[in-house]
Amino acid sequence: GTSLGSKNLAVESGSGAVSLVGTNTETGLLAAKTAGSFTYTYGGGGAADLAIDTLDGVEGVNSGGNAIALSATGAISLNKAVNSGASAPLSITAAGTGFSQKAGASITASGLRLTGSGTFIVNDPGNNVKTIAAAITGNVDVSSAVPLTVGTVTVGSNTTVGINTLGGSAKLASDQLTITSAVKSG
């Protein structure tokens, strides 16, 4: 991907995949609207937190129904919605304190892949996630307004199967929950 030194980034792309690397080590903001897959890795040599927000008229992250992969060397906070579409997956990799989601900042994705460390709170009642997979060192709390399956999620060349919190807790909420892969917690 292309390396960028800016801490705040608004991306708009009408076609094709977009892959970017943000090298700043300060807390950054991201907003993106693309018509292809979107990959963003944030943080230089140290822990750098990333917030999904509104910048320059672009709100949240929307890939037009294509895969999204977000990664930060620090925590990731979702202040605005992330939408990869009902048939495309989303990957979130965060270190530090993990991942948090503000009320109303929902996630729409066929599959949600969580990796990293810290507490991952993905419990907005508007989330539309069909499959969850997580490999984290910490706790995970996931809610979905549609039937949720613990299974396999692949984004790009990265695959996670089931849920493993490496000693943390796992809390899952949905009107219908199906477990097809192992859940290891506590």
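Given the structure is predicted, the values throughout are model-derived calculations rather than measurements. All values below come from the heavy atoms of this structure, side chains included, with hydrogens, waters and symmetry mates left out.
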| message | Are L172 and L114 connected into the same hydrophobic cluster when the rule is that any two of I, L, V, M, F, W, Y join if their side-chain heavy atoms are below 4.5 Å apart? | response | yes

| request: Please confirm whether the backbone N or O of G151 pairs with a side-chain atom of T149, one donor and one acceptor, at under 3.5 Å? | output: no

| What's the spacing between Y42 OH and S71 OG if we round to 0.5 Å? | 12.5 Å

| message | With a 4.5 Å cut-off on side-chain heavy atoms, are V150 and T178 touching? | response | no

| query | Linking Ile, Leu, Val, Met, Phe, Trp and Tyr through side-chain heavy atoms less than 4.5 Å apart, which residues share a cluster with L55? | reply | L29

| remark: Excluding V155, membership of its hydrophobic cluster (Ile, Leu, Val, Met, Phe, Trp, Tyr; side-chain heavy atoms within less than 4.5 Å) reads V153

| note | Those residues at least two apart in sequence (or on a different chain) that pass side-chain contact (heavy atoms from CB on, under 4.5 Å) with T165 are I136, V140, I163, A170, S185

| Exercise: identify the closest heavy-atom pair between A32 and F38 | CB-CZ, 3.7 Å

| Is any side-chain heavy atom of V142 less than 4.5 Å from a side-chain heavy atom of L148? | yes

| field | Nearest-0.5 Å distance, CD1 of residue I52 to CD1 of residue I76 | value | 6.5 Å

| With V161, which residues qualify under side-chain contact (heavy atoms from CB on, under 4.5 Å), at least two apart? | T152, T159, S181

| said: Distance check, rounded to the nearest 0.5 Å: L50 atom CG versus L70 atom CG? | reply: 7.0 Å

| Between S13 and G16, which heavy-atom pair has the shortest distance, and what is it? | OG-O, 4.2 Å

| field | Full working for side-chain contact (heavy atoms from CB on, under 4.5 Å) between V11 and V18 | value | CA-CA 9 Å; V11 177; V18 176; 4.3 Å; yes

| Transitive ILVMFWY side-chain link L177 to V146, under 4.5 Å | no

| remark: The residue among N128, L78, N83 that forms side chain to side chain contact (heavy atoms under 4.5 Å, CB included) with I107 is L78

| field | Shared hydrophobic cluster, V82 / V58 (ILVMFWY, side-chain heavy atoms < 4.5 Å) | value | no

Distance-only criterion, 3.5 Å: show the donor-acceptor pairs between side-chain atoms of residues 59-67 and protein atoms not counting sequence neighbours.
{"unit_1": "N62", "atom_1": "OD1", "unit_2": "G64", "atom_2": "N", "d": "2.8"}
{"unit_1": "S63", "atom_1": "OG", "unit_2": "N66", "atom_2": "N", "d": "3.1"}
{"unit_1": "S63", "atom_1": "OG", "unit_2": "N66", "atom_2": "O", "d": "2.3"}
{"unit_1": "N66", "atom_1": "ND2", "unit_2": "A35", "atom_2": "O", "d": "3.2"}
{"unit_1": "N66", "atom_1": "ND2", "unit_2": "S63", "atom_2": "O", "d": "2.9"}
{"unit_1": "N66", "atom_1": "ND2", "unit_2": "G64", "atom_2": "O", "d": "3.4"}

| Within the distance-only criterion (no hydrogens, no angle test), does the side chain of T73 pair as donor or acceptor with the backbone N or O of A48 below 3.5 angstrom? | yes

| Do N127 side-chain atoms and S143 backbone N/O form a donor-acceptor pair below 3.5 Å? | yes

| To the nearest 0.5 Å, how far apart are OG in S84 and CG in L112? | 8.5 Å

| field | N8 side, atom CG; D56 side, atom CG - distance, nearest 0.5 Å | value | 9.0 Å

| According to a 4.5 Å side-chain heavy-atom criterion applied to Ile, Leu, Val, Met, Phe, Trp and Tyr, with indirect links allowed, do V122 and V183 form part of one hydrophobic cluster? | yes

| task | Using a 4.5 Å cut-off on heavy atoms from C-beta on, say whether the side chain of I68 contacts that of Y40. | result | no

| said: Assess, by modelled atom type and distance only, whether the side chains of N79 and Q101 contain a donor and an acceptor separated by less than 3.5 Å. | reply: no

| said: Just by distance, no angles: are the side chains of N139 and S169 close enough, under 3.5 Å, to form a donor-acceptor pair? | reply: yes

| query | Does L166 belong to the same Ile/Leu/Val/Met/Phe/Trp/Tyr cluster as F120, with side-chain heavy atoms less than 4.5 Å apart forming each link? | reply | no

| field | From S100 atom OG to N123 atom CG, the distance as rounded to the nearest 0.5 Å | value | 10.0 Å

Sequence neighbours excluded and cut-off under 3.5 Å, please list the side-chain donor-acceptor pairs for residues 85-97, or say none.
{"unit_1": "S91", "atom_1": "OG", "unit_2": "R113", "atom_2": "NH1", "d": "2.9"}
{"unit_1": "T93", "atom_1": "OG1", "unit_2": "T115", "atom_2": "OG1", "d": "2.6"}

